[in-house]
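The structure appears below as structure tokens.
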Amino acid sequence: LISAGADKKGHGQFLLFSGNERMVLSAGVDAAGNGGIVDLFNRAGQGVVQMSCDNQGSGMVGTYDPKGAGRALKAKP
């Protein structure tokens, strides 16, 4: 199932759900306005992968365990 629309600030938002209506992917504009952001969720609904832009315009990829611990790979300035 796919949902496309806008968040509360009017930015585009794309959501992908599994067959049991569990969100598995979210894509849109980050809250800070730095650019796009993509989040992947595990079967428990916890965010485990995130791709985004930092305030310098560089990319960032982060991976996290279900408790939120993890690490991010960022481009060098």
Side-chain angles (χ1 to χ4, degrees):
L1 302 170
I2 298 171
S3 172
D7 64 14
K8 293 178 182 178
K9 293 184 177 182
H11 299 296
Q13 186 176 41
F14 174 85
L15 306 173
L16 178 66
F17 296 86
S18 68
N20 63 2
E21 298 184 15
R22 180 176 36 89
M23 186 168 47
V24 295
L25 181 139
S26 169
V29 177
D30 75 342
N34 293 324
I37 187 167
V38 176
D39 291 302
L40 295 175
F41 301 88
N42 65 15
R43 66 178 139 223
Q46 299 157 314
V48 293
V49 177
Q50 183 179 78
M51 295 184 295
S52 62
C53 303
D54 66 16
N55 59 358
Q56 302 297 315
S58 298
M60 188 274 300
V61 176
T63 60
Y64 308 93
D65 68 15
K67 295 179 182 177
R71 57 179 57 171
L73 174 64
K74 298 180 180 185
K76 292 182 179 180

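Count residues from 1 along the sequence. Computed from a predicted model, the values in this text were never measured in an experiment. Excluded from the calculations below are hydrogen atoms, water molecules and symmetry mates; all remaining heavy atoms, backbone and side chain alike, are included.
Atoms CD and OG, from Gln56 and Ser58 in turn, are 7.0 Å apart once rounded to the nearest 0.5 Å. Atom CD of residue Glu21 and atom OG of residue Ser3 lie 11.5 Å apart, to the nearest 0.5 angstrom. Atoms SG and CD1, from Cys53 and Ile37 in turn, are 9.0 Å apart once rounded to the nearest 0.5 Å. Distance check, rounded to the nearest 0.5 Å: CZ of Arg71 to OG1 of Thr63 gives 7.5 Å. Atom CG in Leu40 sits 13.5 Å away from atom CD in Gln46 (nearest 0.5 Å). Here the CG-CZ distance, from Asn42 to Arg22, works out to 8.0 Å after rounding to the nearest 0.5 Å.
Clustering ILVMFWY residues whenever any of their side-chain heavy atoms sit less than 4.5 angstrom apart, transitively, puts Met51 in a cluster other than the one holding Leu73. Under the 4.5 Å side-chain contact rule for hydrophobic residues, Val38 and Val61 share a cluster. Note on Val24: it clusters hydrophobically with Phe14, by side-chain heavy-atom contacts below 4.5 Å among ILVMFWY residues. Hydrophobic clustering of Ile, Leu, Val, Met, Phe, Trp and Tyr side chains at less than 4.5 Å, counting indirect connections, keeps Leu25 apart from Phe17.
By the 4.5 Å heavy-atom criterion applied to side chains, Met60 and Asp54 are not counted as neighbours.
Smallest separation of non-hydrogen atoms from Val48 and Phe41: CG2-C, 4.4 Å. When all heavy atoms of Gly47 and Tyr64 are compared, the closest pair comes out as O-CB, 4.2 Å.
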